[in-house]
Undergrad: 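Quick one: this structure, given as structure tokens, is what I'll be asking you about.
Computation of the quantities below employed the complete heavy-atom set of this structure, encompassing side-chain atoms and omitting hydrogens, waters and symmetry-equivalent molecules. The first residue of the sequence shown is numbered 1, and numbering continues consecutively from there.
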Amino acid sequence: MHKFLAVMAAGAVLGLQPVAAQEAAPAVTPASQWITLGTHGGPVPHPDRAEPANLLLTSNEVYLVDVGDGAANQMARAGVPLARLSGVFISHLHFDHTGGLGAVLGLRFQTEAQNTLTIYGPPGTRQLVDGLIASMRPGGEAGYGVPGEAVHDPAAGIAVVEWRGGETAVVGGMTVRNVENTHYSFTADSPQYGRYASLSFRFDLPDRSILYTGDTAPSAAVDQLGQGADLLVAEMIDLDGLLSAMGPTRGDSPGGPPSILLEHLRTHHITPAQIGEMAAFMEVGEVVVTHLVIGNAGREAWRRYEAEIGEHYDGVVTIAQDLDGF
């Protein structure tokens with residue numbers, strides 16, 4: 001792991017050639033980059049961490065993997081132009097993972113990005129994107145306020161691909177596989193059963209493979225998908241730390257967190273020990289922990305998280321910060 005140096009890394013990954021490149025140098029596949037744009041987990045904004053979002057930079061393309069609020073600004077901080085964005089992968093439809101998509105679409109539209117942007121996500125993604133495009137139409141029609149200005153369609157250049165889990169696709173120069181994970185646990189009598197899914201992704205690139213859990217509880221399907229991956233990017237919850245930060249009152253619930261939220265937090269996320277078990281079973285090369293649902297816990301807690309993961313996994317573990325690069 002290293003701190004992401006925006007201009008240097010972006011130049012290397014996007015294929016910019018060094019000035020004094022030797023003519024006889026052998027062809028080398030540029031290394032991919034995974035950048036944790038936002039490492040906070042949950043819908044409550046954090047003063048020091050952005051909402052969940054990641055960048056996957058291949059030899060010549062740029063992808064967002066989840067797109068929390070502020071993702072476009074975080075891309076700018078990482079030195080990666082929004083116009084280079086080729087696609088977006090959405091793991092599930094919780095707002096902390098989708099809140100920045102409207103800005104990405106709107107700013108691409110206003111700056112007249114020319115390439116097609118493909119958005120891959122679970123069922124409901126098309127409805128989400130259609131709604132965001134509808135919200136862009138008034139601003140698009142107003143334009144720059146110049147009489148006679150042509151009105152452009154904000155839907156132009158936007159494609160949506162919905163996945164239910166179990167698909168394999170070639171995207172750019174990589175193979176992408178996905179499975180449905182256990183972040184949702186709808187039963188057969190639930191109206192949402194079969195209509196929505198939460199996905200984990202595996203990206204097989206020329207230089208390595210990356211398993212992104214998205215939000216999930218322990219999942220046999222995710223364990224199998226991640227077998228032998230070089231990099232595991234995993235979410236994490238510290239429930240005690242989170243509840244301590246919430247305190248005895250919580251806005252709309254004077255008696256404390258509502259029971260349905262507690263059930264979700266306890267059963268739909270993974271703890272440090274569970275990350276260690278997952279990483280050991282997968283036999284991954286390295287672990288990056290992000291989407292930190294940890295309340296106000298700071299660096300003093302990181303050693304505990306790393307130790308709990310290390311009880312089961314003896315590889316490299318990094319508790320990510322915003323704009324870290326791997």
Undergrad: Compute whether any side-chain donor of one residue and acceptor of the other, for Thr168 and Arg177, lie under 3.5 angstrom apart.
TA: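 Per modelled atom types, Thr168 and Arg177 side chains form no pair under 3.5 Å.
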Undergrad: A side-chain contact here means heavy atoms from C-beta on lying under 4.5 Å apart; do Gln274 and Met236 qualify?
TA: no
Undergrad: In the structure I gave you, are the side-chain heavy atoms of Trp163 and Glu180 within less than 4.5 Å of one another anywhere?
TA: no
Undergrad: Does the pair Glu308/Arg304 count as a salt bridge with the N-to-O cut at 4.0 Å?
TA: yes
Undergrad: Heavy-atom distance under 4.5 Å between the side chains of Ile119 and Leu101, does that happen here?
TA: yes
Undergrad: The test is side chain to side chain contact (heavy atoms under 4.5 Å, CB included); show your working for Val233 and Thr213 and say whether it passes.
TA: CA-CA 6 Å; Val233 182; Thr213 66; over 6 Å; no
Undergrad: Quick one: does Phe109's side chain get under 4.5 Å of Leu107's, heavy atoms only?
TA: no
Undergrad: I'd like to know if the side chain of Asp215 pairs up with that of His268 as donor and acceptor (distance under 3.5 Å, no hydrogens or angles considered).
TA: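 His268 and Asp215 do not have a side-chain donor-acceptor pair below 3.5 Å.
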Undergrad: Do Thr290 and Thr39 have side-chain N/O donor and acceptor atoms under 3.5 Å apart?
TA: no
Undergrad: Under 3.5 Å, is there a donor-acceptor pair between the Ser190 and Thr187 side chains?
TA: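 Yes, because at least one side-chain N or O of Ser190 sits under 3.5 Å from a partner of the opposite role on Thr187.
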Undergrad: Evaluate side chain to side chain contact (heavy atoms under 4.5 Å, CB included) for Met282 paired with Leu211, printing each intermediate quantity in order.
TA: CA-CA 10 Å; Met282 292 179 180; Leu211 191 287; 4.1 Å; yes
Undergrad: Looking only at heavy atoms, what is the nearest atom pair of Thr58 and Met174, with distance?
TA: CG2-SD, 4.3 Å
Undergrad: Please check if atom CD in Glu167 has more than 12 non-hydrogen atoms from other residues, nucleotides or ligands closer than 6.0 Å.
TA: yes
Undergrad: Can you find a heavy atom in the side chain of Arg108 that is under 4.5 Å from one in the side chain of Asn115?
TA: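 Yes, their side chains come closer than 4.5 Å.
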Undergrad: Kindly indicate whether the side chain of Val65, heavy atoms from C-beta on, has any atom under 4.5 Å from the side chain of Leu55.
TA: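 Side-chain contact under 4.5 Å: no.
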Undergrad: Does the separation of the ring centres of His94 and His264 fall below 6.0 angstrom?
TA: yes
Undergrad: Please check if the side chain of Gln74 supplies one atom and the backbone of Ala53 the other of a donor-acceptor pair under 3.5 Å.
TA: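 It does not hold such a pair.
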Undergrad: Do His40 and His291 meet the criterion of a side-chain donor-acceptor pair at a distance under 3.5 Å?
TA: no
Undergrad: So, Asn181 and Ser198: side-chain donor and acceptor under 3.5 Å apart, yes or no?
TA: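 Present: a donor and an acceptor within the cut-off.
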Undergrad: With Phe203, which of Phe89, Tyr212, Tyr120 fulfils ring pair (Phe, Tyr, Trp, His ring centres under 6.0 Å)?
TA: Phe89
Undergrad: Could you please spell out the steps behind the side-chain hydrogen bond (donor to acceptor under 3.5 Å, both in side chains) verdict for Asp324 and Thr36?
TA: CA-CA 6 Å; Asp324 276 356; Thr36 52; 4.9 Å; no
Undergrad: Are any of the side-chain nitrogens in Arg77 or Asp322 under 4.0 Å away from the carboxylate oxygens of its partner?
TA: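 Salt bridge absent between Arg77 and Asp322.
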